[in-house]
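I have placed the structure first, in the form of structure tokens, so that the comments after it can refer back to it.
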Amino acid sequence: MTDTDLHTAAQVSKTWPFEEARKLLKRYPDGKPDGAPMLFETGYGPSGLPHIGTFQEVLRTTLVRRAYEVLTGGAPTRLVAFSDDMDGLRKVPDNIENKAVLEANLGKPLTRIPDPFGTHESFAHHNNAMLREFLDRFGFDYEFVSASDRYNSGAFDDALRNVLRHFDAIMGVMLPTLREERRKTYSPVLPVSPTTGVVLQVPVEVIDADAGLVRFTDSDGTVVEQSILGGRSKLQWKVDWAMRWVALGVDYEMCGKDLTDSVTQSGKIAQVLGGRRPEGLIYELFLDENGEKISKSKGNGLTIEQWLTYGSEESLGFYLFREPKSAKQLHVGVVPRAVDEYWQFREKLVSQPIEQQLGNPVWHLLRANGYNGGDGEKLPVTYGLLLNLVGVLGPHATHAQVWSYLGNYVENADPAAHPALDTLVGCALAYNRDFIAPTLKRRKPEPNEALALAALDEELAATSDDATGEELQNIVYEIGKDPHYGFEQLRDWFKCLYETLLGSSQGPRMGSFIALYGLNNTRQLIAEALA
């Protein structure tokens, strides 16, 4: 494959990162003026612990960024991860243990609230660090920007003056969108109280736009004249978003469906301020296992740490890549399938023509970290099969024990030779311990099932230890198809095997499982079921 082949295929690819990237080609048909880099931005509100919904925005934006670089033959780009940590804390997240610290500081900017975990300078610094730690672990190329740093240092002062100069026009955009009661207190600028340090939601009168001077009534009833510069104010959310787009020169930013109206209003305000709304994708929101929107404050979504306890980094990226405009459930039950599907797509990649590679999620995920060709790497054992193995071994199975069984199935069964598989062994042990082992319960076989199990035992006793998974699968098939054992459908036989031997209603390809677990060990399972 040549660069020309890649460029040609990318121009017509219907994969969503390329469709998004082509929006930027239309925005700047001749490239950005003076060769300036195309600026991609992602936003994060650190009022709660980061969850996967936060991480996915950086990943998806990176995929569009890389697609744009392919389309343009390597035009310069930047990615800014922006933390809105100047925002006032409105409510205490449900998933924080030491709530008293936060409750005592409600309304203050997040970077001016002590860290309830006692590890960082502030609550926002703690949450920012958690986000950055994972972004760094995944290898993202990004620049972290803190709203508090920009406000406090004066870097946003000129932009704030610009807001005051267009105060009435901004009010003209926003007031028609608000309820009558809200209109009475709404202001594009939220001053920080000089007495309490709280970000105030009060009407503001512009005194001198060039000096940044406004007048407002403090929470104690005192009328105050104060500059909004140098960290003494925070812009209202939609105004802040628009100001940031213009001040930083943002060209692309995606967001969730719940911000659709915000995009519209912020886009109008950006025009008022002399800029324009960036391009972007409006994606569907993730749902928890009950179909409810995941929330940082509720803590009802998976955390990054939870996914990585039970699955791999690659599987997380794979799950987030698929169908961004469709709502998807995000809970621990989706992890095993995501792991196995990732490896199915990765194995296909090296043999696919370039047009199909660009439609393969793994191509985009590897490209995000500098990939330039297919490697065809294959996982020797599926994650689903690993879970079945550790399920049989029980909740107290060890890493070494699992690898001893893998020796029946995997050539050169050494963790050092199979690092990806070794990672998944640890994940499978954790998943089994927390979710599978507590639910497994083997049932007693029915009389006809007992006869079939005894027949299987007899066949396995006469089978060579080096029989392949396919050969063992054929033995299982033949017994299930024998009318003597009374199975109406072959799936009834497999259900019997799963429920009597493994204690689950679903299971693996039995030939592969028997090869992995071993003939004698499988015969022992049958003996226990028959007993």
Side-chain angles (χ1 to χ4, degrees), residues 3 6-44 53 56-82 140-143 145 238 241-285 317 320-327 354-355 357-361 363-365 367-368:
D3 289 342
L6 174 58
H7 185 266
T8 300
Q11 296 296 326
V12 295
S13 174
K14 294 183 179 180
T15 310
W16 70 262
F18 284 110
E19 291 184 335
E20 289 299 300
R22 281 193 285 270
K23 294 178 182 178
L24 293 169
L25 296 182
K26 294 180 180 179
R27 185 180 180 91
Y28 292 105
D30 300 319
K32 289 194 72 172
D34 303 321
M38 194 69 69
L39 183 60
F40 297 78
E41 181 182 63
T42 65
Y44 167 58
Q56 62 85 21
E57 199 164 298
V58 182
L59 171 67
R60 287 174 171 170
T61 303
T62 295
L63 299 179
V64 177
R65 178 188 184 188
R66 298 306 179 210
Y68 172 78
E69 291 168 349
V70 170
L71 288 172
T72 58
T77 62
R78 293 172 56 207
L79 171 61
V80 166
F82 191 94
F140 287 117
D141 173 25
Y142 70 98
E143 304 164 38
V145 177
K238 295 176 184 178
W241 206 12
M243 177 276 291
R244 185 196 315 166
W245 288 343
V246 177
L248 301 181
V250 177
D251 299 302
Y252 187 92
E253 181 166 4
M254 61 176 62
C255 67
K257 185 179 179 180
D258 56 336
L259 296 182
T260 301
D261 289 341
S262 296
V263 170
T264 299
Q265 304 309 324
S266 295
K268 294 178 180 178
I269 295 169
Q271 282 188 302
V272 168
L273 296 177
R276 61 171 167 163
R277 163 184 162 180
E279 309 301 326
L281 169 73
I282 296 179
Y283 55 80
E284 268 288 357
L285 305 176
L320 298 177
F321 178 91
R322 312 283 300 270
E323 302 169 341
K325 293 185 179 181
S326 298
I354 183 57
E355 294 80 11
Q357 285 192 18
L358 298 190
N360 187 325
W363 185 92
H364 294 268
L365 295 170
R367 185 99 186 178

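A donor-acceptor distance shorter than 3.5 angstrom exists from the side chain of S266 to the backbone of S262, with no hydrogens or angles considered. R65 contributes a side-chain N or O that, together with a main-chain N or O of T77, makes up a donor-acceptor pair within less than 3.5 Å. With hydrogens and angles ignored, the 3.5 Å screen pairs no side-chain donor or acceptor of T15 with any backbone N or O of P17.
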(message) Determine whether E20 and M254 satisfy the following criterion, side-chain contact (heavy atoms from CB on, under 4.5 Å), listing intermediate values before the conclusion.
(response) CA-CA 10 Å; E20 289 299 300; M254 61 176 62; 5.6 Å; no
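Legend: residues meeting side chain to side chain contact (heavy atoms under 4.5 Å, CB included) with I282, ordered by chain and number and at least two apart, are C255, K257, T260.
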Taking only distance into account, with no hydrogens and no angle test, what donor-acceptor pairs under 3.5 Å do side-chain atoms of residues 267-278 form with protein atoms, sequence neighbours excluded?
{"unit_1": "R276", "atom_1": "NH2", "unit_2": "R27", "atom_2": "O", "d": "3.4"}

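In summary, E279 and K26 do not engage in a salt bridge, as defined by a charged side-chain N under 4.0 Å from a carboxylate O.
Closest approach of Q265 to K238, counting heavy atoms only: CB-CD, 4.0 Å. Of all non-hydrogen atoms in A21 and L71, the two that sit nearest each other are CB-CD1, 3.5 Å. Across every non-hydrogen atom of H364 and N360, the tightest pair is CD2-O, 3.5 Å.
With rounding to the nearest 0.5 angstrom, the CD1 atom of I354 is 5.0 Å from the CG atom of L6.
Side-chain contact of Y283 with E57: a donor-acceptor pair under 3.5 Å is present, judged by distance alone.
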